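Just so we're on the same page: letters track the sequence lines, and every chain starts at 1. These figures come from a predicted structure and were not determined experimentally.
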Amino acid sequence: MAQDEQQVLSGLAEIVNEETGVDAADVQPDKSFTEDLDIDSLSMMTIVVNAEEKFGVTIPDDEVKNLTTVGDAVKYIQTAQG
Amino acid sequence: MTADRRIVVTGLGATTPLGGTMTQTWEALLAGESGARALPQEWLDRYDLPVTFAATIKQHPSEVLKKVEIRRMDPSAQYAMIASREAWADAGAPEVDPERLGVAIGTGIGGVHTLLDQYDVLKEKGPRRIYPLTVPMLMPNTASGNVSLELGGRAGAHTTVSACASGAEAMGYAAAMIRDGRADVVVAGGTEAAIHPLPMAGFAAMRALSPRNDDPTHASRPYDVDRDGFVIGEGAGVLVLESYEHATARGARIYAELASIGMSADAFHITAPEPEGAGASRAMLEAVERADLSTRDIMHINAHATSTPVGDIAESNAIRRAFGDATDDISITATKSMTGHLLGAAGALEGLITVLSLYHRIVPATTNVDNLDPEISLDVVRGEHRKLPDGDIAALNNSFGFGGHNVALTVKSI
């Protein structure tokens, strides 16, 4: 079942906070995972896997490199949820 | 190793079955407390373990570490991090060139919780769900790597692995780094987090663990005639070692001198100690000689004494073989009677206890020795703590490990 943007964003922020300690409030659509949130590739893979489980979607490895910002990830998850 | 650079101890840290800090651990030792307690009920229900207790850590890491640190570090690294931070602060957070700061933290088993928990994930959910930090969490050097990262130590980060001698060997390795001129300050010790159903079942299958399920706090009873195995423990002990010049130049408090290390291998059996103690006595004598001491100078030994029927006698024989008649004048204690056996952290924790015994001039009494085994021909400190004399004194800390590893450390008072 598709969730609205705000639901996905807050769910994703929770995952990012748990994995990296970044304040959930800082996880905003315009933020870059690497440049702004200082998230390394291993942490990114964990976030992806946890997001797959939480949102019931699949995010192929090839797609992960296109998810530059939090907004990119939210949009991808929403689309994948259909 | 050359003897021209003296190595001193300037900081202590630990998290153990007796307390969340070295200070709490020392106070609990003087109070004669036991760290043994029942295992979580869910393990007992699920695995039907033959031994239902262990010396689990007193303070859960979540009380002092950030949630993210808990998530991203195996418990073996968490314990080492807690102990290292305490030791570093206790040493006054010395200012040192990062390239002159080293780390040496041993472990017997490494990240076994991560390994086994992730194997469960693999079987239940498949490879896609495996935590991407699994490998850096399960590797045995996960603790030394994380601590080096935390403190910015760039002289080298090392991990000694020699079962229950790992922690002592790390302290010897650290001392060698300073003696060889590779570092001025080294954070050294041991860590272990192996209280998990599989290692528990493995040790129980060897009949190495005391099965005294109805009385956990009296199960670890080194030297007592009714001892029937060790009590598995967990935690970490870490100290800050410094060259004497570096420590005095910055006006650091000095607890004691780590004077030497003696090492040998039994090459006798993969787990059983050589019964006459030839290898262990060679390690002790080497330690004494390298410290420029004679056997008469050793006033105290913190023994390995794990509470196994065979091991305690082999060590007793080894001590008498090394020290001869001088053995009668050595105050010997087995603090595993209170802490349990911390495996790869044991030698480190007992090294710290030996340092504090010299610093405070008091040997904590061994507990649970209701009837001293007549085959143990040692002056076992029991009943009351033993005051050590004033003046220059020295002590040994023994550690032995499966694989036939023998390590003895000499500590001198300052």
Exercise for the section: Decide, yes or no, whether a salt bridge links A/K54 with A/E14 under the criterion of side-chain N to carboxylate O below 4.0 Å. Expected result: yes

Exercise for the section: Start with the C-alpha distance between A/K75 and A/E5, add both sets of side-chain angles, then the distance that settles salt bridge (Lys or Arg N to Asp or Glu O under 4.0 Å), and finish with yes or no. Expected result: CA-CA 8 Å; A/K75 205 173 298 170; A/E5 190 182 329; over 6 Å; no

Exercise for the section: Go through the atoms of B/R72 and report whether side chain, backbone, both or neither lie under 4.5 Å from a heavy atom of chain A. Expected result: side chain

Problem - chain A contact via B/K66 - side chain, backbone, both or neither, heavy atoms under 4.5 Å - result: neither

Exercise for the section: Supply the atom-to-atom distance A/Q81 CD to A/D4 CG, rounded to the nearest 0.5 angstrom. Expected result: 10.0 Å

Practice task
Output the option from A/T46, A/V49, A/V48, A/T20 having the highest count of non-hydrogen pairs under 4.5 Å with chain B.
Solution key: A/T46

Practice task
Evaluate the side chain to side chain contact (heavy atoms under 4.5 Å, CB included) criterion for residues A/S32 and A/L37: first the C-alpha distance (whole Å), next the side-chain angles of each, then the deciding distance (0.1 Å), finally the verdict.
Solution key: CA-CA 6 Å; A/S32 155; A/L37 303 180; over 6 Å; no

Practice task
Go through the atoms of B/R129 and report whether side chain, backbone, both or neither lie under 4.5 Å from a heavy atom of chain A.
Solution key: both

